[in-house]
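Below, chain A is the first sequence line, B the second, and so on; all start at residue 1.
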There are 2 protein chains.
Amino acid sequence: MTQGRPMRADARRNYERLLKVAAEAFAEYGENASLDDIAKRAGVGSGTLYRHFPTRGALLEAAYVDRIEALGVRAGELAQDLPPGEALMEWLYELAVATLQVRGMKALLSSAVTDGSGAAAPPACGSVVKGAAARLVDAAQAEGTLRADVQPIEVLRLAHGVAMAAELAQGEPGEIRRYLRLLAEGLRAG
Amino acid sequence: MTQGRPMRADARRNYERLLKVAAEAFAEYGENASLDDIAKRAGVGSGTLYRHFPTRGALLEAAYVDRIEALGVRAGELAQDLPPGEALMEWLYELAVATLQVRGMKALLSSAVTDGSGAAAPPACGSVVKGAAARLVDAAQAEGTLRADVQPIEVLRLAHGVAMAAELAQGEPGEIRRYLRLLAEGLRAG
DNA sequence: AGGAAAGCGGAGACCATCCCCGGTTGCTGT
DNA sequence: ACAGCAACCGGGGATGGTCTCCGCTTTCCT
């Protein structure tokens, strides 16, 4: 649908260079890395950057799609290897770790689970995360270990909240697990 | 201790004007309101603003001390009117509401509960919030309705996480209560 | 080869933070 | 009352970020 023509060779080159440099820059300087600086490092003008990625969010998303998709795949693996309740919790853990560890992912994932009506950027990658969550939540609810009155999106939001809480305890890596376990108690069926 | 001399009259005038204007500006534009603009509105130069409040955080804190102290007082009232467990939860609710409602308070409260070692600004008001939380948590633990293995600071962080989670569900005001109730299950003794 | 369209790039407009220092104001002692 | 000296003011300007605009270059197609 968005494919009138294949991209011109130089355009594709620049696009990919930008993506590579952006991922490095976001990792190094966080989600507020200077965009003009990214353009400069990639050896292109800032105009080129803004044409390919109109907003910071668009670039952020494009730079991390593979990481997001890996989370989607991971959901499938966990669903196969663990009982539904445990699979969900382990996946939420890995999601929270990614949220904190990969600098710049926070903003991306957070806008993915925002009630879209008013927001600025509805990232496409949101559907991957939401889809994975929905599958794991449904399975756990069918199994009867997860209370039936919560929606997948709520679970995602709460996991994001847990990640934020853990972030406040900088330097205590075990805190994510600890807080998530407390959340799990609240989500348990019964 | 910080009181070598009383403040000069013009200095005090400017200080208070800035505080008043800053509270308005933060309420209107959020925590990223332009500082130079605040200075202009207050009828002072930007130099004056930066002399009184070296960082954005300092201004934010000064502008909201009264709101924070009101939360401290409220903790006392709730402790008197309700059983400890309920008092804690109601207070956390009001804390979360303040976090979301008063734009600009979020950053302030969040830095208050951060593991201070590396952070930029250790706000004095943090002790008010932490003190209130400690009292309510202790009482609830003594009563036996709150699990004994959580620390007050952890409860604060989790409440902050709940507020963040609720923020993602923009426009659903009941979500704070809902998410807090889930957290409460996880924190319940037993 | 040659022309049209797609794409490039960086100058520059705009806005924010924050320092700096010449000039001004309020306080204090006589 | 008034002189003198801190303390304090104010805004100009350096720095750095975002994002647009448009003349020029590159690619692709025939």
Side-chain angles (χ1 to χ4, degrees), chain A residues 1-22 24-63 103-104 107-108 111 119-121, chain B residues 1-22 24-63 103-104 107-108 111 119-121:
Chain A
M1 49 174 286
T2 54
Q3 199 98 324
R5 283 275 180 89
M7 221 177 223
R8 232 172 70 173
D10 54 346
R12 165 164 300 281
R13 236 190 343 263
N14 285 330
Y15 183 92
E16 275 160 15
R17 246 192 111 66
L18 277 169
L19 228 50
K20 186 169 162 298
V21 172
E24 290 168 13
F26 285 137
E28 186 169 355
Y29 300 111
E31 61 191 293
N32 290 322
S34 160
L35 296 185
D36 275 32
D37 189 56
I38 289 175
K40 206 153 292 171
R41 287 198 199 197
V44 305
S46 47
T48 302
L49 188 154
Y50 285 101
R51 197 172 329 101
H52 282 305
F53 310 100
T55 69
R56 176 180 297 274
L59 180 55
L60 216 41
E61 182 179 358
R103 304 179 45 132
L108 179 55
S111 70
Chain B
M1 47 174 288
T2 54
Q3 200 96 325
R5 282 279 178 88
M7 218 177 227
R8 228 171 73 173
D10 53 345
R12 167 164 297 281
R13 235 191 342 264
N14 285 331
Y15 184 91
E16 276 163 11
R17 246 192 110 69
L18 278 170
L19 229 50
K20 185 170 164 296
V21 172
E24 291 168 11
F26 285 137
E28 187 169 355
Y29 301 109
E31 61 193 292
N32 291 322
S34 160
L35 296 185
D36 276 34
D37 189 55
I38 290 175
K40 205 154 294 172
R41 286 198 199 198
V44 305
S46 49
T48 302
L49 188 155
Y50 285 101
R51 197 168 333 100
H52 283 304
F53 309 101
T55 68
R56 177 181 295 275
L59 180 55
L60 218 40
E61 182 179 359
R103 303 177 49 129
L108 178 55
S111 70

Let me know the distance between OH of B:Tyr15 and P of D:dA7, rounded to the nearest Å.
19 Å
To the nearest Å, give me how far apart NZ (A:Lys40) and C1' (C:dA11) are.
11 Å
Which parts of nucleotides 18-30 of chain C does protein reach within less than 4.0 Å, heavy atoms only, written one letter per nucleotide 5' to 3' as B for base, S for sugar-phosphate only and - for none?
BBB----BSS---
I need the CZ-C1' distance between A:Arg12 and D:dC28, as an integer number of Å.
15 Å
Evaluate the side-chain proximity of B:Thr48 to B:His52: yes if any heavy-atom separation is below 4.5 Å, no if none is.
yes
How close or far is atom P of C:dT17 from atom CD of B:Glu31, stated in whole angstroms?
13 Å
Check B:Gly45 against B:Ala39 and note the closest heavy-atom contact, atom names and distance.
O-CB, 3.9 Å
Pick the closest DNA chain D nucleotide for B:Val44 and for A:Ser34 by heavy atoms, then say which residue is nearer the 5' end.
B:Val44
Without decimals, in angstroms, what is the distance between A:Leu49 CG and D:dT18 P?
10 Å
Is there side-chain contact between A:Glu16 and A:Lys20, with at least one heavy-atom pair below 4.5 Å?
no
From CG of A:Leu18 over to C1' of C:dG9, roughly how many Å is that when rounded to an integer?
12 Å
Considering every strand and a 4.0 Å limit on heavy-atom distances, what is the contact class for B:Asn14: base, sugar-phosphate, or nothing?
sugar-phosphate
Base, sugar-phosphate or nothing for B:Asp37? Non-hydrogen atoms, less than 4.0 Å.
nothing
Please give, in whole Å, the distance from C:dA16 P to A:Asn32 CG?
16 Å
Heavy-atom donor-acceptor pair, B:Arg56 side chain to B:Glu31 backbone, under 3.5 Å
yes
Using only side-chain N and O atoms of B:His52, determine if any of them is under 4.0 Å from OP1 or OP2 of D:dC8.
no
Is there a side-chain contact between A:Leu59 and A:Tyr50 in this structure, where contact means two heavy atoms from C-beta onward sitting under 4.5 Å apart?
no
Taking atom P of C:dC15 as reference, at what distance in whole Å does atom OH of B:Tyr29 sit?
13 Å
Using a 4.0 Å heavy-atom cut-off across all strands, classify B:Ala33 as base, sugar-phosphate, or nothing.
sugar-phosphate
Looking only at heavy atoms, what is the nearest atom pair of A:Ala42 and A:Leu18, with distance?
CB-CD2, 3.7 Å
Would you compute the distance between atom CZ of A:Arg17 and atom CZ of A:Arg41 and round it to the nearest 0.5 angstrom?
11.5 Å
